[in-house]
Amino acid sequence: MGGCISTSSVSTCSSGSYGDGISSSSCCVGMGHCGRKRSKRSFSNHIAALQHLSSIPNRIFMNGKSRSSCIFTQQGRKGINQDAMIVWEDFMTEDVTFCGVFDGHGPHGHLVARKVRDALPLKLLSFLNSFHNKDVGPSGACNGDLKSDGVDAEKEDLVEDRINSLWSDAFLKSYKAMDKELRSHPNLDCFCSGSTAVTIVKQGSNLFMGNIGDSRAIMATKDNNNALIAVQLTVDLKPDLPREAERIKRCKGRVFALQDEPEVCRVWLPFDDAPGLAMARAFGDFCLKEYGVISVPEFSHRTLRDKDQFIVMASDGIWDVLSNEEVVAIVSSASSRASAARLLVESAAREWKLKYPTSKMDDCAVVCLFLDGKMDSESDNDEQGFSSATVQSNHSGAAMESDDGQIAEPSLQRNNTVRSSEENSSFRRLPMEVVTVETILTEDQNWSGLEGVTRVNSLVQLPRFSEERPNS
């Protein structure tokens with residue numbers, strides 16, 4: 001990916017996927033953003049007029065910065081970069097920002113990640129607008145300053161619970177619709193390919209988060225001594241997370257680690273030692289959807305405080321080699337805010353070489369969102385280290401994105417996520433019951449599910465289905 005600001009494209013969804021009749025400025029399910037005048041033109045017509053979203057401002061999905069964020073991705077040593085990311089400011093209203101990081105896996109993982117990056121925000125917007133029209137009327141349910149209006153604390157709690165419920169439903173339904181679109185997509189094979197997703201909507205002082213897979217979001221905040229500390233916002237949904245393992249086994253899927261990588265538990269079909277998926281939830285991966293792998297996101301809400309400084313969202317290429325505390329320290333030490341994401345990726349690349357010199361570095365993608373809404377005053381090119389020639393080459397080269405958000409490069413190129421038959425023959429598996437079911441983790445536990453290197457992040461081998469199945 002190259003340096004670019006907001007030249008995104010809408011994905012090829014079926015008619016109505018974005019919700020006909022959505023107002024581009026009326027969608028404001030949340031606190032303190034109601035009462036805005038609706039646009040006369042529907043959102044679907046607005047999309048068509050924008051010609052694949054290419055003229056939407058304040059939407060970045062390639063290396064660069066926005067008013068309050070910076071993003072950066074770097075290809076690893078496995079082939080095509082399968083990571084994608086997005087920051088969309090003014091997502092619904094001026095005070096709403098959508099952020100997401102998506103880590104693809106499998107033969108077509110890079111295409112899946114970009115499809116989700118482009119389509120998921122619009123689906124979320126569609127459901128938010130739908131709930132707004134049906135459930136949030138002129139009764140004041142969206143009024144954010146309840147105390148100043150004399151509303152008692154009990155009613156304020158009820159209103160906040162209702163708003164959280166609406167946001168939760170919007171995340172759940174948009175993720176479900178996204179997976180449904182991938183299943184029926186005519187030109188994208190997601191049978192053994194998929195993508196993680198960690199997404200955040202910041203609306204004023206509220207964070208609404210949805211997460212599947214093992215990409216992660218953390219926040220830097222100040223403690224009582226005014227020192228920066230790391231707070232993990234999402235849980236890595238790995239197969240060895242007890243509640244995930246329990247669901248997969250209940251659906252007849254298997255969870256175990258290979259003998260030569262005991263730190264990486266994987267999901268396997270009940271009748272074949274394939275595909276070896278290293279996460280418990282993902283978009284796509286339909287070969288495992290009947291066996292416990294789901295695309296239902298974990299939703300959470302958090303109210304920001306004055307001590308909260310910035311949010312870092314990243315794919316597991318970062319978290320495989322850096323701790324939450326190290327990430328906060330690196331971002332806070334950047335010479336400029338606009339260079340923070342790039343500095344973090346470069347630091348992770350060095351750690352990969354030091355810690356795992358015989359392993360292939362994974363792709364890395366980072367979004368840094370600064371909660372005070374401020375960035376540096378220097379230009380994008382100076383701070384990000386891009387010359388004008390570099391930016392131009394990223395736009396005019398052969399690897400540009402097409403109209404549907406996909407890179408114009410061979411989609412069937414082997415990206416080393418799938419091991420060769422020679423590699424597969426050398427692996428032996430551990431006994432099936434390597435994972436035990438334990439008490440569900442509490443929200444404040446930083447469960448990682450990964451202490452070592454993920455040499456192959458997703459698929460060990462493609463399943464070979466036959467007509468015969470072993471007797472259960």
Exercise. Can you tell me which residue pairs pass the salt bridge (charged side-chain N to carboxylate O under 4.0 Å, His left out) test with a partner in residues 169-180, sequence neighbours excluded?
Key: Asp179-Lys289
Exercise. Please check if any side-chain donor atom of Asp83 sits under 3.5 Å from a side-chain acceptor atom of Ser315, or the reverse.
Key: yes
Quiz prompt | Glu89 and Ser68 side chains, donor-acceptor separation under 3.5 Å | solution = yes
Quiz item: Are the side chains of Leu237 and Asp214 in touch, meaning some heavy atoms are under 4.5 Å apart?
Solution: no
Quiz item: Taking only residues two or more places apart in sequence, or in another chain, which ones meet Arg250 in a salt bridge (charged side-chain N to carboxylate O under 4.0 Å, His left out)?
Solution: none
Quiz item: Between Ser174 and Lys123, is there a donor-acceptor pair closer than 3.5 Å when you use the side chain of the first and the backbone of the second?
Solution: no
Quiz item: Does Arg266 use its side chain to pair, donor to acceptor, with the backbone of Gly276 at less than 3.5 Å?
Solution: yes
Practice problem: Decide yes or no for Val198 and Leu233: does some side-chain heavy atom of the first lie under 4.5 Å from some side-chain heavy atom of the second? | Solution: no
Self-check item: Any donor-acceptor pair under 3.5 Å from Tyr175 side chain to Gly210 backbone
Solution: yes
Practice problem: May I ask you to test the Phe127-Leu172 pair for a side-chain heavy-atom distance under 4.5 Å? | Solution: no
Self-check item: Reference residue Ile218; test side-chain contact (heavy atoms from CB on, under 4.5 Å); the match among Ile311, Val328, Thr234
Solution: Val328
Quiz item: Has the side chain of Trp352 got a donor or acceptor atom that lies under 3.5 Å from a matching backbone atom of Val321?
Solution: no
Practice problem: Would you indicate whether the side-chain heavy atoms of Asp103 and Met279 approach each other to under 4.5 Å? | Solution: no
Quiz item: Backbone N or O of Ser295 within a donor-acceptor pair of the Arg281 side chain at under 3.5 Å?
Solution: no
Quiz item: Heavy-atom count around Lys252 NZ within 6.0 Å, excluding the residue itself: above 12?
Solution: no
Practice problem: Output yes when a side-chain donor or acceptor of Ser195 lies under 3.5 Å from a complementary backbone atom of Phe102, and no otherwise. | Solution: no
Exercise. Kindly assign one of parallel, tilted or perpendicular to the pair Trp167 and Phe171, based on the angle between their ring planes and the thresholds 30° and 60°.
Key: tilted
Exercise. Please check if atom CG in Asp306 has more than 12 non-hydrogen atoms from other residues, nucleotides or ligands closer than 6.0 Å.
Key: no
Quiz item: Would you call Glu326 and Glu351 a side-chain contact if the rule is heavy atoms closer than 4.5 Å?
Solution: no
Quiz item: So, do Gln75 and His110 sit near enough that their side-chain heavy atoms are less than 4.5 Å apart?
Solution: no
Exercise. May I ask you to test the Phe370-Cys70 pair for a side-chain heavy-atom distance under 4.5 Å?
Key: yes
Quiz item: Hey, does His301 have a side-chain heavy atom less than 4.5 Å from the side chain of Ile163?
Solution: no
Quiz prompt | Distance-only polar pair, side chains of Arg350 and Ser347, donor-acceptor under 3.5 Å | solution = yes
